[in-house]
Amino acid sequence: MKDSKLLDELDERDLQVARHIRSMPDLAPPPELLTSVMGSVAPKKLRLWHRILLWARSPKNITVTPLRLIPAASALVVLLVLGLIWTSAKMDQRAMPVSESKLLAVAFNLKTSDARSVSVIGTFNDWKPEGYEMKWDEDRQVWTITLWLAQGRHEYAFLVDHGKVISDPGALFFQDDGFGNQNSVLILRGQNGQNV
Amino acid sequence: MEVLSGNVNAYRDLVQRYQGPIFNLMYRLTGSREDALDLAQETFIKAYQSLERFKLGSRFFPWLYTIGLNHGRNFVRDHKAQRDCLAGAGESGVLAEILPDPKGSGMDPLDLQRLREALRQLPLEYREAVVLHFREGCSMKEIAVSLGLSVSGAKMRVHRGLKRLRRMIDGEMTEEEGNEDEGFQAAG
């Protein structure tokens, strides 16, 4: 059963219960939990193979000479040209008119006061933040943007400070992005259906 | 990555981030603040000692949750507690503490009361699947890993758990019916 199929079988009352579970207040952990845990753990001495694995998976600086750079630069130019051709072909295919009556206004909100910029990216904009920058609402203390989106299923996330991608903490459903992170899932069903 | 390299301070961030969900998991399992505190502490220490087994690139929380759930289940089993330990706790104490401020949650107090009662009655495997998905934002794959299920099994558990919870809240299912399920074996 796919997530979307699972959702189809939920009615408004089910979703209301799900929202209540999400907003239910938790019991605050006692402050001594953190201190006692940190007082009980000591720095670890890792085995050699594990240190090698960590080294291999961490980013490294690579230095190259101009002569060595020529083949790599050539390959990069070829790749860029191919990418542009592929992208323009895809843009042509995607140019399908959507009647405005089938579009729904969706307000995206993110509460984070320490960000300098936030954009919404998703399947509806090919994950490109340009033109989808959110505005800071001083009164509500949220980053916000309203988009007109087609009915159906959309995956999205927020791009914070041009580098950090976070899922929507207010979303009900999530989808693995295949890279160890999660995208939020939005399902629009029109005025008579449930929008989640 | 820093934690795996032996940076204890980086582990502090992880404890701070996940102490709430783990403490509340233990509280749901035991119904006791003292036991929940001990079990949550032991879970984080166990996780730290087992960091070499953590799969790089995956999310830390489902892995931590699996350790916590197994540890909590063992505790409940060893102490011969009832399958759903909240049932053995003081009615006025446990659930009132879990939801200390109904007005602050923005929920209808009656709905909140029914929800906490239904959650108390829901078998552990259904309850944790529903909490993991709708509260902690875990994917079906992560729930499957945490609860030792297939992905389709996790989806079914979440779906049936929510439906069951809703029927219990709406008074369409009794506690006994809520605990009945052919082929379902509750842990603890």
Side-chain angles (χ1 to χ4, degrees), chain A residues 1-3 5-7 9-11 13-47 49-51 53-55 57-59 167-177 179-184, chain B residues 1 4-9 11-12 15-16 19-24 27 33 36-37 40-41 44-45 48-49 51-52 56-59 97-102 104-107 111-112 115-116 119 130-131 133-135 137-142 152 155-156 158-159 162-163 165-166 169-170:
Chain A
M1 198 188 309
K2 283 198 166 294
D3 282 14
K5 192 174 174 187
L6 177 87
L7 180 64
E9 295 177 14
L10 301 180
D11 60 21
R13 179 60 179 151
D14 295 326
L15 296 171
Q16 189 183 31
V17 172
R19 283 192 290 270
H20 283 176
I21 294 168
R22 190 180 61 197
S23 58
M24 194 173 64
D26 257 345
L27 191 63
E32 60 264 36
L33 175 53
L34 178 65
T35 51
S36 65
V37 170
M38 296 317 297
S40 303
V41 296
K44 294 175 81 72
K45 177 70 178 171
L46 299 179
R47 293 182 187 135
W49 68 267
H50 205 246
R51 291 206 298 274
L53 182 65
L54 287 176
W55 176 86
R57 297 192 63 157
S58 59
S167 55
D168 184 353
L172 261 189
F173 293 89
F174 298 88
Q175 175 78 48
D176 285 337
D177 67 357
F179 299 98
N181 298 312
Q182 289 191 312
N183 297 326
S184 307
Chain B
M1 188 71 87
L4 291 174
S5 303
N7 184 344
V8 173
N9 285 329
Y11 193 61
R12 176 188 295 273
V15 178
Q16 274 181 322
Q19 60 179 341
I22 294 299
F23 178 73
N24 279 275
Y27 194 71
R33 275 173 178 268
L37 175 60
Q41 284 170 357
F44 280 108
I45 294 168
Y48 186 79
Q49 290 168 344
L51 277 174
E52 287 89 343
L56 290 171
S58 56
R59 275 185 75 202
E97 283 187 331
I98 289 177
L99 303 167
D101 180 16
S105 70
M107 292 167 60
D111 268 355
L112 191 60
L115 173 60
R116 62 187 189 181
L119 268 175
V130 166
V131 169
H133 188 59
F134 293 111
R135 188 165 183 79
C138 288
S139 68
M140 295 300 176
K141 193 175 171 186
E142 289 168 341
S152 59
K155 288 175 183 172
M156 191 61 74
V158 170
H159 185 255
L162 183 65
K163 288 281 185 188
L165 195 62
R166 172 251 177 97
I169 291 169
D170 293 345

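A, B, ... follow the sequence lines: proteins, then strands. Residue 1 opens every chain. This structure is a prediction, so every number in the text was calculated from the model and none was measured.
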*Excluding sequence neighbours, so at least two apart, what forms side-chain hydrogen bond (donor to acceptor under 3.5 Å, both in side chains) with A:Asp168?*
A:Tyr156
*Considering only heavy atoms and a distance below 4.5 Å, find which of B:Ile22, B:Val15, B:Leu162 pairs most often with chain A.*
B:Leu162
_At a 4.5 Å cut-off on heavy atoms, which part of B:Leu37 comes close to chain A: side chain, backbone, both, or neither?_
both
*Select one option (side chain, backbone, both, neither) describing which atoms of A:Glu32 are under 4.5 Å from chain B's heavy atoms.*
both
*asked:* Please check this pair: side chain of B:Tyr11 against backbone of B:Phe44, looking for a donor-acceptor N/O pair closer than 3.5 Å.
replied: yes
_For the NZ atom on B:Lys163, are there more than 12 heavy atoms of other groups (residues, nucleotides or ligands in this structure) within a distance under 6.0 Å?_
yes
_Taking side chain as everything from C-beta outward and backbone as N, CA, C, O, which of these in A:Ala171 sits under 4.5 Å from a heavy atom of chain B? Side chain, backbone, both or neither._
neither
_Please check: side-chain N/O of B:Arg135 versus main-chain N/O of A:Arg22, any donor-acceptor pairing under 3.5 Å?_
yes
*Can you check whether A:Asp11's main-chain N or O pairs, donor with acceptor, with A:Asp14's side chain at less than 3.5 Å?*
yes
_Using a 4.5 angstrom heavy-atom cutoff, name the option from A:Ala28, A:Ser36, A:Ser40 with the most pairs to chain B._
A:Ser36
